[in-house]
Amino acid sequence: MVVIYAVTMLLVCTMRIMMDILSMFQKGAAFVVLPVMLFVVLCLGSVAYALDNKVVVINSYNKDFSWVETHNGIIKRGLKGKADLAFHYLDFKRLDAKESERRVLAAKVAIERERPDVVVVSDDFALKSLGQFLVDRDIPVVFLGINGNARKYVDNRRKITGVFERPLVKRSVAYLKEIIGAGKFLVLFDDSLTTGVFVRESLQGEMHLNVAGAHADIVLAKTFDEWKDNVRTAKVKGYSCIVVGTYHIFKDDQGQHLPWTDILKWTSSNSLVPVFGLWDFSVGEGKAVGGYVLSGVEQGREALKIVKRILSGEKIENIQPVIGKKGQLLFSGPEMKRWGIEIPPALRHKGFLVKVIR
């Protein structure tokens, strides 16, 4: 409302100035000045209308998580000057259940107070915790990064839409087979809500996959000790590589959350076989070698398109959910050199875009 008031006062002042200017001209000059004044008024009026839009973004994870920073950045830049934005972080993977629930309640209070035009919910926990609450209040919901079935989170899917996320495990295994050869792959996740939903919905509960002549075992670790044990014994168990999924729930002996970057660096340093990833933030020097990865950029872009359609007046019931675009082959030059890995010319010749970062 402060923005609306300020723009309104600007309109009034502008009109007064223009009227003063007009009085200085002869009557014939009015035909020139009046259209200019009308144009200025219309432009300022459109600014007032645009900034009257309110969008709230509810993130399941913490503010400094790369995935969150990426898609939040896309939304911020895309709605700059078009809507007032507010961000909330439930941080459910690092906080205990009680503290996460307090953040959910705080988000609900803020939404009741702000009555936004659209709420964006990022990842399954946010949709599960707030989806029905928002639908019951007839607030349009745009999701992103969702692995689960939206029907299981809300009882009226017509009021929500967004971007599904499907970690590309099978396709990753197929591409990695072309890079490092057939063999046994260990696909390692933390045992979290997100992982459980992914295994149930995307893999239909399958924990052992045979893809393009390669075999992959899906293993879920409840603790960092379990994770470390799987990493250390991968080679003796016959695995030719490790593919890391999510690894964000682990805590130390004092119950303090371990930064995901430390988990990834430890894994890269202590593994006796190459480590690959399923998301772009996993790839880099001292981290994963590479892989066929998903990006928060694409999720953010697709969600932004939908938000803009709703703000422009399109009914959410007419906007169908989409599945995030295909991943990309992303690799770290230093890690490739460290493990003696090269991209086969045949893979490039198939038309795949391969990006190598330093």
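Remember, it's a predicted structure, so these values are computed and weren't measured experimentally.
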Is there side-chain contact between [X] and [Y], with at least one heavy-atom pair below 4.5 Å?
| X | Y | answer |
| --- | --- | --- |
| Leu311 | Lys82 | no |
| Ile341 | Phe331 | no |
| Lys63 | Val68 | no |
| Leu95 | Arg102 | no |
| Phe276 | Phe185 | no |
| Leu130 | Lys108 | yes |
| Lys228 | Asn270 | no |
| Gln328 | Glu298 | no |

Does any N or O in the side chain of [X] come within less than 3.5 Å of the main-chain N or O of [Y], such that one atom is a donor and the other an acceptor?
| X | Y | value |
| --- | --- | --- |
| Thr70 | Val297 | no |
| Asn149 | Arg151 | yes |
| His257 | His248 | yes |
| Ser129 | Val104 | no |
| Asp117 | Lys54 | yes |
| Asp124 | Asn147 | yes |
| Arg103 | Tyr89 | yes |
| Ser271 | Thr267 | no |

Qualifying residue for side-chain hydrogen bond (donor to acceptor under 3.5 Å, both in side chains) with Ser268, from Arg338, Lys287, Glu285
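Exactly one candidate clears the test, Arg338.
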Do you see a donor-acceptor pair shorter than 3.5 Å between the side chains of Glu226 and Asn230?
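Glu226 vs Asn230: no donor-acceptor pair found between side chains.
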Exceeds 12 heavy-atom contacts within 6.0 angstrom, atom [atom1] of [X]:
| X | atom1 | result |
| --- | --- | --- |
| Asn318 | CG | yes |
| Lys128 | NZ | no |
| Lys235 | NZ | no |
| Lys237 | NZ | yes |

Roughly how far apart are [X] [atom1] and [Y] [atom2], rounded to 0.5 Å?
| X | Y | atom1 | atom2 | answer |
| --- | --- | --- | --- | --- |
| Ile146 | Ile323 | CD1 | CD1 | 13.0 Å |
| Ile58 | Phe133 | CD1 | CZ | 9.5 Å |
| Lys76 | Phe87 | NZ | CZ | 5.0 Å |
| Lys177 | Cys241 | NZ | SG | 13.5 Å |
| Ile160 | Ile306 | CD1 | CD1 | 11.0 Å |
| Asp96 | Glu99 | CG | CD | 6.5 Å |

Step by step, work out the side-chain contact (heavy atoms from CB on, under 4.5 Å) result for Trp279 and Leu294.
CA-CA 5 Å; Trp279 280 272; Leu294 291 176; 3.9 Å; yes
Do any side-chain atoms of residues 168-175 form donor-acceptor pairs under 3.5 angstrom with protein atoms, and if so which ones, sequence neighbours left out?
residue : atom : partner : partner atom : Å
Ser172  : OG   : Leu168  : O            : 2.5
Ser172  : OG   : Tyr292  : O            : 3.1

Between [Y] and [X], is the closest basic N to carboxylate O distance under 4.0 Å?
| X | Y | answer |
| --- | --- | --- |
| Lys305 | Glu302 | yes |
| Asp262 | Lys265 | no |
| Glu112 | Arg137 | yes |
| Glu317 | Lys159 | yes |

Aromatic ring centroids of [X] and [Y] under 6.0 Å?
| X | Y | answer |
| --- | --- | --- |
| Trp227 | Phe250 | yes |
| Phe65 | Phe281 | yes |
| Tyr153 | Phe143 | no |

What are the two closest heavy atoms between [X] and [Y], and how far apart are they?
| X | Y | value |
| --- | --- | --- |
| Ser122 | Ser60 | O-OG, 2.7 Å |
| Val142 | Val118 | CG2-CG1, 3.9 Å |
| Tyr247 | Gly245 | CE2-O, 3.0 Å |
| Pro116 | Ile139 | O-CG2, 3.8 Å |

For the residue pair Phe92 and Tyr61, does the interplanar ring angle fall in the parallel (under 30°), tilted (30 to 60°) or perpendicular (over 60°) class?
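Judged by the thresholds at 30° and 60°, the geometry between Phe92 and Tyr61 is parallel.
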